[in-house]
Asks: 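Could you have a look at this structure, given as structure tokens, before my questions?
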Amino acid sequence: MRRQLPILIVFVSGVFMVIQYFIPHESFEFIYEYAMDWIIIIGIFAMLLGLWSLTRASVSKVQAKAPGWGFSVMTLVGLATMLFLGFYKGNKSIAEGTFFMDLFWYIYTPIQATMFSLLAFYIASAAYRAFRVRTVLATILLVTALIIMLRLIPLGPISGVNQWLASWILTVPNMAAKRAIWIGVGLGATATALKIIFGIERAYMGKD
Amino acid sequence: MNFYERLMQLDRRWIYLGVAIAVTIPVLAPFKVPVYITPEAKAVYEFVENTKPGEIIFLAIDYDPNAMAELHPMARTIMRQSFSRGIRLIISALSQNGPGMAEQLISQISKEYNKKNGVDYVYLGYKPYPGITILAMGQNFRIPFPTDYYGTPLDSLPMMDGVRNYDDVKGIISIVAGNIAEYWINYANGRYKAKVFFGVTGVMTADYYPFLQSGQLFGLLGGLKGASEYERLAKQEGVATEGMSIQTVAHLVIIAFIVVGNIGFFMSKKKKR
Amino acid sequence: MKKTKAVLFSILIILFFFNLSFPQENLSPLPPTEVRASDTPNDNGHSITVTWKLSGDDGADKKNVVAYEILRSDSPTGEFIVRGMVPAGNNTYQDRGAKEKEDKNYFHPHKDFYYKVRAKTLNSYSESEVAGPAQAYGEWFHLGKLPVFVGTVTFTIMVLAFISLARKGKEFYVRPLAGIDAVDDAIGRATEMGRPILYILGLGSAADIATIASFTILNRIAKKTAEHKTKIIVPCNDPIVMSVAQETVKAGYLDAGRPDMYKEENIFYLTSMQFAYVAAVNGIMLREQTATNFYLGKFYAESLILAETGSVAGSIQISGTDEIAQIPFFVAATDFTLIGEELYAASAYLGREPLLLGALKAQDLAKAIVMISLALGALAASFHLGFFLKLFTVQM
Amino acid sequence: METIGIWIAALLTLGIFSFLYKDNPFYKFCESLFVGISAGYWFVTTFWQVFMPKLADNLIAGRFYYMIGAIFGVLMLLRLFPKIGWLSRWSLALVVGTTAGLYFTRYLVSNGMVQVQNTIIPLYVKGNLSQTIGNLVIVIGTFSGLIYFFFSKEHKGAFGGLAKLGIWFLMLSFGASFGYTVMSRMSLLIGRMDYLLGTWLGLIR
């Protein structure tokens, strides 16, 4: 019951989904649509597990007065505020102009955009560290990155050539390499999917 | 640690500082960085420049506010250039969420140049099914657009007198995001042999190069860079030029750091030998 | 009949196309001919495909026909209603019905329908003969997907065959993989330094294949950390992923015979929002001083933020993803990267389980077939032999 | 509200940027607040935008098939009770099995069939040298790239040479993507700077 039944569920649902792909008939389409909705619904229930884990971890840090426990208080305050504001007026709680959305616009959005923008700094420092003529591979990486970056920089007469070279690299050899990766990923993923369906790869099920 | 080794292992905070300066200084104290002008951008510019005063260009504003950052500067510059040269414009907006945005731009710029609706320009507005609309306009603008955006019948607009279809305009410039571009190529050029020029978003640029080569497209502005090239050509440096200047400086800074790192690497290796 | 005309007339008005006041040559175009209507093949049974031969006045030079309108009726002489319109130059139309039985637009199976196609010019039109009857019904196999079916069956047989070979005890050789060899060293390093290991499963859900592959790797690594008595921290971004990660790590500790050392609180959930998650993981890296960071699974823009912060902290970093846009950043900023398929192969490598290695062999065989097809296909295409391409063409 | 909002947003922006110098309490404050707010935001919006329409509304409308989803959802929650926690594996099995089947065909088609289909191109295009070269490079690049991913054979000899060519192609592609991404990442930072210098401080229009 504990291990065989889940493996059976995986097998049956997996095989169904594969077969379903080849059958256009509406009866299969019907089950397919329900199955997809079930998956979403399971995900929604699981959200409670997430909130539970986050709350428990923060509360236990506060209780133990672990280093930085004050910051865990901030997390709990932020979480509780959003939950309260998001529910206290029913489904009107998250309409535009509510305090809930104010917090979204003035706290969530700027932090999110700033975290994202850190990439501008990191892409520079990563380029500095990685692009050295250390090995052949690193040199290829360096040279192509330079050619592409130089397309924005006026170089007088070479600009035309560089411009052309940059777009050629992007559309030809770049495409070839990406296809090789895509095909490889395709084979790896399909093989893994098969291993899952046939119950060979089952580490994700855990053990008793 | 000697000097070269230090160059090789700069504290990354120096790099962060370099990037921060590169994007802040040009914002506070704008300056012009030279731009390399691509032939395909120049083709668009020269087409407008060689159109005589009084002649008509069809300007299609086929994008919505999502693509504004890259495409608005193009539409704005082309409109200004045309108006200042006395060229008349027929303007359409075939992207579903675009007509209001286009209207704003048109009324702003026509005011700058004191141009009159119906005399110096006509704004047709939006119709669904871009493919069919473009095809139908090849026969007569009045089929899809019996009236203009403001509800005035085209026949009562002085500018539209004797203007029937693509044959009566010098060419079509479509500033476009998404698949409407293909309809312009397939129908306006493919079927009615109209001269089509594009301004497209950065991600679309590479996809439309082949059409330049095959002669189905007569000029192309690609992304923010294309917009800045155009601003430069038309001597109307604005948002795109400023944005590109910052990008150019930022790219230069990164390249400089890469070069510095490599000099350090090279020299310290030499020394060890 | 009068009503029909009224309906038609109002439709004409509604369809923006007609501006009746328009003065132009008032000749009807030649009608479309050879109109055919039949069930759309390979569908769920809710549509009929109509095809026709273009009107003689539809062509680049004639500038005559603008569009075709497709009309449908329940009987050849009954009232025809407009179902849709396509631009000139097109000669097919798919008339789709509703999915719900209650909808008046539902195509009851085996009900007869009749079609007409109308060629339209500026201010005039002409109609084709009536075509039909046609019926809509659903199919039980999608013929356009036959190549995929063949691929599915072949690949499944290959995988199962190699696995059964492995079961019978056949040994398979796989070449060494740099990223994999680094895993042991990285764990050893963390042990020596007495600092924890950080394992990031990425932003994928438990349903993503890359994440599942990563679970298997996590299981092997957890086993090793248990043997070395090193702490492993797994912050998660999805609650289901967290649950599975807990099971997986626990199983790893069981395999190592150290279930007592397993601490559930080290595998925890933070938040599902991308950058909030990253902000928190950044903090963990610097505050816990993790010696080794693994990033294996689905990664998006955050890949470089994680990798750079890890490098500030001085951690050894091993990464792997099948998300093609992020591989360059991992390659540039981490010590070892499992590129694309290597991520999927890693689980087999780490466990050295014969069954998983068998599947890897099947992948290689499939790859060989793909490469041979590529070479033959390119040659065939060079000699203008189109049939080869058809073998791989999938209709959706 | 708006002025206060802009000030708060600007200070939080600075707090995140301060991490670039080093980890500090200001960043920790922003980080922990961000985690709490985002988790709450995500829960609330998913509840109203997904849970209500997908489950509650369908059940009210009498579509009881959705009960099955709800039952599996509840089983998932049983993880919180160690004794019956194993029941959650049933839900997990449904999720994993369904999506494994779904992804199997999806990857086979989009990553396998379609890519092979796109790479079947003529190696010689009459009268078009640049396309001939381009096609050759694409076919050779894809082919040697796949050789690199071959696990059964050591990279030695001619085979190793091809594999090496393959990894060169990969590196070229990585360099190109890296260089190409710089521009969009800089735009993000320019956007933040505009907010700080313009919207907040009013130094630029």
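Naming: A, B, ... by sequence-line order, numbering from 1 per chain. Only this structure's heavy atoms are used, side chains among them; waters, hydrogens and symmetry mates stay out.
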Asks: What are the two closest heavy atoms between Met74(A) and Leu33(D), and how far apart are they?
Replies: CE-CD1, 3.5 Å
Asks: Under a 4.5 Å heavy-atom cut-off, does chain A meet the side chain of Met52(D), its backbone, both or neither?
Replies: neither
Asks: For chain D, which candidate among Ala127(A), Ala35(A), Ala124(A), Gly43(A) shows the most heavy-atom pairs at distances under 4.5 Å?
Replies: Ala127(A)
Asks: Measure distances from Leu20(D) to the heavy atoms of chain A and classify the residue's part below 4.5 Å as side chain, backbone, both or neither.
Replies: side chain
Asks: Nearest 0.5 Å please: distance from the OG1 atom of Thr142(D) over to the CH2 atom of Trp182(A).
Replies: 10.5 Å
Asks: Which region of Phe104(A), side chain (C-beta onward) or backbone (N, CA, C, O), has a non-hydrogen atom less than 4.5 Å from a non-hydrogen atom of chain D, or is it both or neither?
Replies: side chain
Asks: Shorter than 4.5 Å, heavy atoms on both sides: which option in Phe19(D), Phe72(D), Tyr103(D), Trp168(D) has the most such pairs with chain A?
Replies: Trp168(D)
Asks: Could you grab the distance from atom NZ of Lys164(D) to atom CG of Leu137(A), nearest 0.5 Å is fine?
Replies: 8.5 Å
Asks: Using side chain to side chain contact (heavy atoms under 4.5 Å, CB included), reason through Phe34(D) and Thr75(A) one step at a time and then give a plain yes or no.
Replies: CA-CA 7 Å; Phe34(D) 191 26; Thr75(A) 303; over 6 Å; no
Asks: CD/Gln112(A) to CG/Leu12(D) distance, rounded to the nearest 0.5 angstrom?
Replies: 13.0 Å
Asks: Please state whether the side chain, the backbone, both or neither of Trp168(A) comes within less than 4.5 Å of a heavy atom of chain D.
Replies: side chain
Asks: Which atoms of Leu92(D) are under 4.5 Å from chain A, going by heavy atoms: the side chain, the backbone, both sets, or neither?
Replies: side chain
Asks: Flag yes if more than 12 heavy atoms outside Ile4(D) fall under 6.0 Å of its CD1 atom; otherwise flag no.
Replies: no
Asks: If you compare all heavy atoms of Arg151(A) against all heavy atoms of Gly179(D), which two are closest, and at what distance to 0.1 Å?
Replies: NH1-O, 4.2 Å
Asks: Between Ile169(A), Asp37(A), Leu8(A), Ile196(A), which shows the greatest number of heavy-atom pairs under 4.5 Å with chain D?
Replies: Asp37(A)
Asks: Just how far is it from atom CD1 of Ile181(A) to atom CG of Leu170(D), taken to the nearest 0.5 Å?
Replies: 5.0 Å
Asks: I'd like to verify something: which residue of Ile9(A), Leu103(A), Leu150(A) has the highest number of heavy-atom pairs under 4.5 Å with chain D?
Replies: Ile9(A)
Asks: Hey, do the aromatic rings of Phe29(D) and Phe71(A) have their centres closer than 6.0 Å?
Replies: no
Asks: Quick one: does Ser173(D)'s side chain get under 4.5 Å of Met175(A)'s, heavy atoms only?
Replies: no
Asks: With a sphere of 6.0 Å drawn around CZ of Phe99(A), does it hold more than 12 non-hydrogen atoms of other residues, nucleotides or ligands?
Replies: no
Asks: Given side chains that start at C-beta, do those of Ile138(D) and Arg179(A) come closer than 4.5 Å, heavy atoms only?
Replies: yes
Asks: Which region of Ala166(A), side chain (C-beta onward) or backbone (N, CA, C, O), has a non-hydrogen atom less than 4.5 Å from a non-hydrogen atom of chain D, or is it both or neither?
Replies: neither
Asks: Pair Val95(D), Trp38(A) - check side chain to side chain contact (heavy atoms under 4.5 Å, CB included), show working.
Replies: CA-CA 8 Å; Val95(D) 174; Trp38(A) 295 343; over 6 Å; no
Asks: Taking only heavy atoms into account, what residues of residues 143-151 of chain D are found under 4.5 Å from chain A?
Replies: Gly145(D), Leu146(D), Phe149(D)
Asks: To the nearest 0.5 Å, what is the distance between CE on Met47(A) and CE on Met76(D)?
Replies: 13.0 Å
Asks: Can you tell which part of Ser88(D) gets under 4.5 Å to a heavy atom of chain A, answering side chain, backbone, both or neither?
Replies: neither
Asks: Can you establish whether the number of heavy atoms outside Lys61(A) located under 6.0 Å from its atom NZ is more than 12?
Replies: no
Asks: Of the backbone (N, CA, C, O) and the side chain (C-beta and beyond), which part of Ile183(A) lies under 4.5 Å from a heavy atom of chain D, both, or neither?
Replies: both
Asks: Search all heavy atoms of Gly206(A) against all heavy atoms of Arg89(D) and return the closest pair with its distance.
Replies: C-NH2, 4.3 Å
Asks: Looking only at atom types and distance, does a side-chain atom of Thr98(D) sit under 3.5 Å from a main-chain N or O of Ser13(A), one as donor and one as acceptor?
Replies: no
Asks: Are more than 12 heavy atoms from other residues, nucleotides or ligands located less than 6.0 Å from atom CH2 of Trp42(D)?
Replies: yes
Asks: Pairs in or reaching into residues 44-65 of chain D: which pass ring pair (Phe, Tyr, Trp, His ring centres under 6.0 Å), with residues at least two apart or in two chains?
Replies: Phe30(A)-Tyr65(D), Tyr34(A)-Tyr65(D), Phe87(A)-Phe47(D), Phe87(A)-Trp48(D), Phe47(D)-Phe51(D)
Asks: Measure Ile44(A) against the heavy atoms of chain D and call it side chain, backbone, both or neither at under 4.5 Å.
Replies: side chain
Asks: Is there side-chain contact between Tyr41(D) and Phe100(A), with at least one heavy-atom pair below 4.5 Å?
Replies: yes
Asks: Picking from Gly188(A), Gly186(A), Ser93(A), Ser72(A), which has the most non-hydrogen pairs under 4.5 angstrom with chain D?
Replies: Gly186(A)
Asks: Among Ala113(A), Ala46(A), Gly70(A), Gly184(A), who wins on heavy-atom pairs under 4.5 Å with chain D?
Replies: Ala113(A)
Asks: How many angstroms lie between CG in Leu119(A) and CE in Met186(D), if you round to the nearest 0.5 Å?
Replies: 10.0 Å
Asks: What is the minimum heavy-atom distance between Leu77(D) and Phe45(A), and which atoms define it?
Replies: CD2-O, 3.3 Å
Asks: Measuring heavy-atom distances to chain A, does Asn118(D) have an atom under 4.5 Å in its side chain, in its backbone, in both, or in neither?
Replies: both
Asks: So which part of Thr81(A) gets closer than 4.5 Å to some heavy atom of chain D, the side chain, the backbone, both or neither?
Replies: neither
Asks: Between Leu170(A) and chain D, with a heavy-atom cut-off of 4.5 Å, which part of the residue counts as in contact: side chain, backbone, both or neither?
Replies: side chain
Asks: Walk me through whether Asn174(A) and Tyr180(D) qualify under side chain to side chain contact (heavy atoms under 4.5 Å, CB included).
Replies: CA-CA 12 Å; Asn174(A) 176 42; Tyr180(D) 195 74; over 6 Å; no
Asks: What part of Gln49(D) gets within 4.5 angstrom of chain A, counting heavy atoms only: side chain, backbone, both, or neither?
Replies: side chain
Asks: Need one label for Ile111(A): side chain, backbone, both or neither, based on atoms under 4.5 Å from any heavy atom in chain D.
Replies: both
Asks: List the atom of Ala193(A), the atom of Ala100(D), and the distance in Å for their closest heavy-atom pair.
Replies: CB-O, 3.6 Å
Asks: For Phe11(A), which atoms come within 4.5 Å of any heavy atom of chain D: side chain, backbone, both, or neither?
Replies: neither
Asks: Tell me the residues of residues 49-58 of chain A whose non-hydrogen atoms fall below 4.5 Å from those of chain D, in number order.
Replies: Leu49(A), Leu51(A), Trp52(A), Leu54(A)
Asks: I'd like to verify something: which residue of Leu76(A), Asp102(A), Ile40(A) has the highest number of heavy-atom pairs under 4.5 Å with chain D?
Replies: Asp102(A)
Asks: Please evaluate residues Leu189(D) and Phe121(A) with respect to the criterion side chain to side chain contact (heavy atoms under 4.5 Å, CB included), reporting the C-alpha separation (whole Å), side-chain torsions for both, the decisive distance (0.1 Å), and the verdict.
Replies: CA-CA 9 Å; Leu189(D) 182 58; Phe121(A) 298 103; 3.7 Å; yes
Asks: Residue by residue, scan residues 138-148 of chain A and write down, ordered by number, those that have a heavy-atom distance under 4.5 Å to chain D; if none do, write 'none'.
Replies: Ile140(A), Leu141(A), Thr144(A), Ala145(A), Ile148(A)
Asks: Between Arg185(D) and Phe116(A), is there a side-chain heavy-atom distance shorter than 4.5 Å?
Replies: yes
Asks: Measure distances from Val139(D) to the heavy atoms of chain A and classify the residue's part below 4.5 Å as side chain, backbone, both or neither.
Replies: neither
